[in-house]
Amino acid sequence: LLSYQTVGRFCTIRLSQQQQSCVTTITMYKIDLPFDKREDVARERRRNAEQQRKSHVFDPRIRQIGVDVQALEQQVNERQILQAEECHLHQAFAADMVRTDKLAAMLQERQFADIRQLNMALNEYRKTEQTADTRREFDLNDPEMKKKATPARVSDDDPRCSVSGLQKLQGELAVMLQDLSHKARMKLQQEQMCEWALQQTIDKRQKQQEQDHSDRIHDLKVIELDQRAMQLAEAETECQQAIKLATKDFNAALAREIEAKRRLEKTQEEDNNFTELSNQIHGDLLTENPQVARSAFGPHRVVVANWKGMSPQEVDHIRQDQTIQREEKKRVKEAEKKDAIEWERQTIANARVGLMMDDGEKKSRKQLARELMLENRRLAAEQKKQQEYLDKEVYTNQPTDAYFSQFNTTTR
């Protein structure tokens, strides 16, 4: 096989290892081909591209992680756009804040002016409308209060003349000094006393009449109740006598019924006792009848409550069955003993055969191990000869650093 490598104007032909003994390198000159600068430019472009590709391929960080330049540029552009939008938004917010501050200042000045106008109007209203004489407590602080006040006593009927006011006194001296309507008041009082006395007399007479009428009604009611109580007492006495008579008759009839019932029960009990004695005497329990022990489920079963034991024939039959069973058991034991002896003989024979087979198997394993050891020795000798042939005849050309340096030099 031939491999060509073009470097500059020379063409080098590399042969296989078997052909290196004849020809190693053949150098050919390109004399008939014209020189073209475009090839140098293209070659230089390819060389630069190869160098850039090497910087990406042989860089572990870029090769393992990878860098997407287009995505990074897109991210940078998006970040710049976002920053521009944020800057524009901040500027809009700042302008809005300035406008809001100006508007707030204007509103505050207007509010201060309105408050000032309201205070001035309030003071003017107080000065013109809320004077001292229009206040609710002005009568307490009026300097001309005594002149405008009403006199302490206008007449005897003045409601302001209280006991603690000392404007109207009682007694002869007070009557002479201050009581202005004493005679008229005394006359009215006498007339009023007469009317009260007359009214009290009429009321007292009327109350006495009402009391007398009530007493008469009460007496009549008491008499009526007494008569009613006497009638009820007589009726109750008659009813009790009737009840006693009926109770006496009922008790007599009940005693006769109880006595008849007792005699009937005694007669029935005597009949039952006689019947029970007769049944016990002539029954199957005391006569020990074997037929009562037979069960309805078969002749081989009995009723345990009525069973009185086995008959002599049944006892003899059971003893015969036991004798037969003993003989049968004896024969079975003799047969088992013979089988045990035969099994023991077979076991000893099988053990002897097993020992003989184990000895033969051990001999066979030893023979196989010996043959395997000889075969391994032969194979080891052949492998050693093969390795010596490879080391001395085949692998004579040892690789140098120049051989390993030609790998991983390009990205293709």
Side-chain angles (χ1 to χ4, degrees), residues 1-33 39-40 42-68 335-412:
L1 299 176
L2 301 178
S3 61
Y4 296 92
Q5 183 178 4
T6 304
V7 179
R9 297 180 181 180
F10 302 97
C11 181
T12 304
I13 301 176
R14 292 188 179 182
L15 305 177
S16 62
Q17 187 176 3
Q18 290 79 7
Q19 294 175 353
Q20 285 182 0
S21 60
C22 299
V23 180
T24 303
T25 305
I26 300 175
T27 304
M28 299 174 62
Y29 295 94
K30 297 180 181 179
I31 301 175
D32 55 343
L33 297 175
E39 293 183 359
D40 293 340
R43 193 179 301 110
E44 187 67 24
R45 185 176 66 254
R46 288 195 298 272
R47 187 179 294 110
N48 294 333
E50 183 66 21
Q51 292 296 331
Q52 293 179 1
R53 183 175 175 82
K54 284 182 179 180
S55 64
H56 287 81
V57 172
F58 294 112
D59 188 359
R61 182 175 180 275
I62 297 175
R63 185 176 66 253
Q64 295 179 5
I65 300 175
V67 177
D68 192 353
E336 290 179 352
K337 187 175 182 181
K338 291 180 181 180
D339 292 340
I341 294 171
E342 183 65 22
W343 275 108
E344 186 177 0
R345 187 182 64 78
Q346 290 289 339
T347 303
I348 294 171
N350 292 332
R352 290 177 180 176
V353 173
L355 291 174
M356 293 175 64
M357 293 177 66
D358 290 340
D359 293 340
E361 187 176 357
K362 288 181 180 178
K363 292 179 180 179
S364 299
R365 285 202 297 269
K366 288 181 179 180
Q367 183 66 24
L368 288 174
R370 190 179 297 109
E371 293 177 358
L372 181 62
M373 182 179 64
L374 295 175
E375 182 66 21
N376 290 335
R377 288 179 179 177
R378 184 182 64 79
L379 292 176
E382 292 180 357
Q383 187 176 5
K384 185 176 181 182
K385 291 180 181 179
Q386 181 69 19
Q387 188 66 32
E388 291 178 353
Y389 172 75
L390 293 175
D391 293 339
K392 295 179 180 180
E393 300 295 335
V394 179
Y395 302 140
T396 57
N397 187 12
Q398 295 294 331
T400 60
D401 294 338
Y403 172 76
F404 291 105
S405 63
Q406 66 181 341
F407 298 105
N408 200 18
T409 57
T410 63
T411 60
R412 304 296 178 183

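As the structure is a prediction and not an experimental result, all values here were calculated from the model.
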Sequence-distant partners of [X], side-chain contact (heavy atoms from CB on, under 4.5 Å), two or more places apart:
| X | value |
| --- | --- |
| Arg378 | Glu375, Glu382 |
| Ala49 | none |
| Asp391 | Gln387, Tyr395 |
| Glu393 | Tyr389 |

If you measure from [atom1] on [X] to [atom2] on [Y], what distance do you get to the nearest 0.5 Å?
| X | Y | atom1 | atom2 | value |
| --- | --- | --- | --- | --- |
| Arg46 | Glu39 | CZ | CD | 8.5 Å |
| Gln386 | Leu379 | CD | CG | 12.5 Å |
| Glu344 | Ile348 | CD | CD1 | 5.0 Å |

Do other residues, nucleotides or ligands put more than 12 heavy atoms under 6.0 Å from the CE atom of Met373?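 Above 12, so yes.
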Residues in salt bridge (charged side-chain N to carboxylate O under 4.0 Å, His left out) with Glu44, at least two apart?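 Result, salt bridge (charged side-chain N to carboxylate O under 4.0 Å, His left out) vs Glu44: Arg47.
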The criterion is salt bridge (charged side-chain N to carboxylate O under 4.0 Å, His left out); which residues satisfy it with Glu342, sequence neighbours excluded?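 Checked Glu342 against salt bridge (charged side-chain N to carboxylate O under 4.0 Å, His left out); matches are Arg345.
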All pairs passing side chain to side chain donor-acceptor pair (under 3.5 Å) where residues 351-363 contributes a residue, at least two apart: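 Residue pairs with at least one partner in residues 351-363: Glu361-Arg365.
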Identify, with sequence neighbours excluded, every residue that meets side chain to side chain donor-acceptor pair (under 3.5 Å) alongside Glu371.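 Glu371 satisfies side chain to side chain donor-acceptor pair (under 3.5 Å) with Gln367 only.
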